[in-house]
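To start, the structure under review is shown below, and the notes come after it.
Scope of the values below: all heavy atoms of this structure, side chains included, with no hydrogens, waters or symmetry mates. Chain letters run A, B, ... following the sequence lines, proteins first and then strands; every chain starts at 1.
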2 protein chains.
Amino acid sequence: MPLQEKDTYQEKDDSSRINPFVRVREDHANELSEDYLELIEDLIDRTGEARTVDIAAKLGVRQATVTKAIARLKREGLVTAAPYRSIFLTNEGKKIASRAREHHRTVLEFLIALGVQQEVAEIDAEGIEHHLSPATLAAMQRFIQQQPAAA
Amino acid sequence: MPLQEKDTYQEKDDSSRINPFVRVREDHANELSEDYLELIEDLIDRTGEARTVDIAAKLGVRQATVTKAIARLKREGLVTAAPYRSIFLTNEGKKIASRAREHHRTVLEFLIALGVQQEVAEIDAEGIEHHLSPATLAAMQRFIQQQPAAA
DNA sequence: CGTCAAAGTTTGCCTAGGCTACAAATCCTC
DNA sequence: GAGGATTTGTAGCCTAGGCAAACTTTGACG
Ligand SMILES: [Mn+2]
Ligand SMILES: [Mn+2]
Ligand SMILES: [Mn+2]
Ligand SMILES: [Mn+2]
């Protein structure tokens with residue numbers, strides 16, 4: 001067998017610890033799904049339907065890119081969509097969308113409570129939201145509570 | 001000319017505003033460079049040299065992946081490296097490394113000041129650090145100052 | 001109802017960033 | 001100064017996620 005016995009993924013005295021870089025790559029693997037699902041839910045709530053063209057405009061990508069991504073989400077059982085028709089979330093998709101929306105809201109409120117200007121907070125939240133452990137999210141919520149909804 | 005006049009990248013009444021999703025994609029395009037450069041500087045400081053095998057172990061990837069990434073950093077003028085020799089930062093590379101390290105330290109201290117456990121903070125910081133506007137970074141620094149270096 | 005603009009899809013291309021398998025160079029160690 | 005383990009590099013493969021261009025479908029409306 002040509003495979004080496006010991007891989008070099010982790011130092012030995014480190015084998016039980018999470019590698020932060022590995023965690024970040026995992027976060028990024030989920031990021032696109034989360035953003036799409038949250039956005040689709042949002043569009044349905046606010047405009048009645050989720051169309052390729054609107055998703056593309058919001059995300060700043062071309063429609064072809066959205067079509068391809070939707071195909072993947074369909075494969076993963078997170079959305080349903082018939083050709084030339086708009087997009088719907090499965091129950092599984094709805095769960096992820098809700099969680100994503102919740103994270104997003106928490107980060108946004110947290111940054112604002114911290115004193116960051118609304119518009120900047122909205123930009124930064126979009127990236128940060130995918131990299132938060134439950135403990136960090138909890139700390140952010142605690143902080144929001146403690147703040148007297150400042151002026 | 002087959003190209004459509006109006007692209008759909010931005011809604012019209014929105015054209016001067018930054019699209020958060022576009023910003024996140026830009027952040028991610030810089031992320032790998034920042035992490036590599038920070039790590040290379042770290043290894044040089046702590047062990048005397050930056051070797052492919054050690055970079056791979058730290059990042060949790062295979063050596064072949066590192067070799068390819070280093071080739072890209074070389075192309076971009078951020079590192080120098082002769083075949084079978086260890087890796088060095090250019091001045092440009094050092095600048096980015098220092099900035100990355102600074103961001104990293106700020107986020108880490110901030111999360112700890114917020115009450116997040118050290119180990120969790122170290123994991124989350126690795127992802128968050130790439131998504132921070134100057135204003136948010138400044139707010140974090142303010143918060144760190146205000147905290148009495150709590151027990 | 002026919003036309004045509006808007007929306008959606010398909011195809012083919014590209015880069016980044018992973019991987020394995022194998023080849024080559026380096027460098028301990030005796 | 002061999003020889004073998006370690007390290008580095010190369011080649012080829014894969015997926016994700018972008019793009020443009022061309023094609024197809026839908027549906028509004030005159
Ligand atoms: Mn996001
Ligand atoms: Mn990220
Ligand atoms: Mn990082
Ligand atoms: Mn870092």
Among the nucleotides [options], which one has an atom lying closest to any side-chain atom of [X]?
X	options	answer
B/K68	C/dC19, D/dG18, C/dG8	C/dC19
A/Y84	C/dG18, D/dG9, D/dT24	D/dT24
B/T52	C/dA16, D/dC19, D/dG9	D/dG9

d([atom1], [X]; [atom2], [N]) in whole Å:
X	N	atom1	atom2	value
B/I55	D/dT7	CD1	C1'	13 Å
A/R25	D/dA16	CZ	P	16 Å
B/E31	C/dA16	CD	C1'	13 Å
B/E26	C/dA16	CD	C1'	16 Å
A/Q63	D/dT25	CD	P	16 Å
A/E76	D/dA16	CD	P	8 Å
B/K74	D/dT10	NZ	C1'	13 Å
A/H28	D/dG18	NE2	C1'	16 Å

Distance test, side-chain N/O of [X] to OP1/OP2 of [N], below 4.0 Å:
X	N	answer
B/R62	C/dT20	yes
A/T65	D/dC19	yes
B/T67	D/dT10	no
A/R85	C/dG8	no

Does the gap between the ring centers of A/F143 and B/F143 come in under 6.0 Å?
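Close enough - the centres of the two rings lie under 6.0 Å apart.
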Aromatic ring centroids of A/H103 and A/H130 under 6.0 Å?
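A/H103 vs A/H130: aromatic centres not under 6.0 Å.
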Could you tell me whether the side chain of B/E126 reaches within less than 4.5 Å of the side chain of B/H104, counting heavy atoms only?
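Yes; the side chains approach each other to less than 4.5 Å.
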Quick check: on DNA chain D, is the nucleotide nearest A/P83 upstream (toward 5') of the one nearest B/A64, or the reverse? Name the residue that is more 5'.
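Going by which nucleotide is closer to the 5' end, it is B/A64.
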Correct closest heavy-atom pair for A/P20 and A/I18 would be CD-O, 3.3 Å
Among B/E38, B/E34, B/E41, which one satisfies side-chain hydrogen bond (donor to acceptor under 3.5 Å, both in side chains) with B/R101?
B/E41
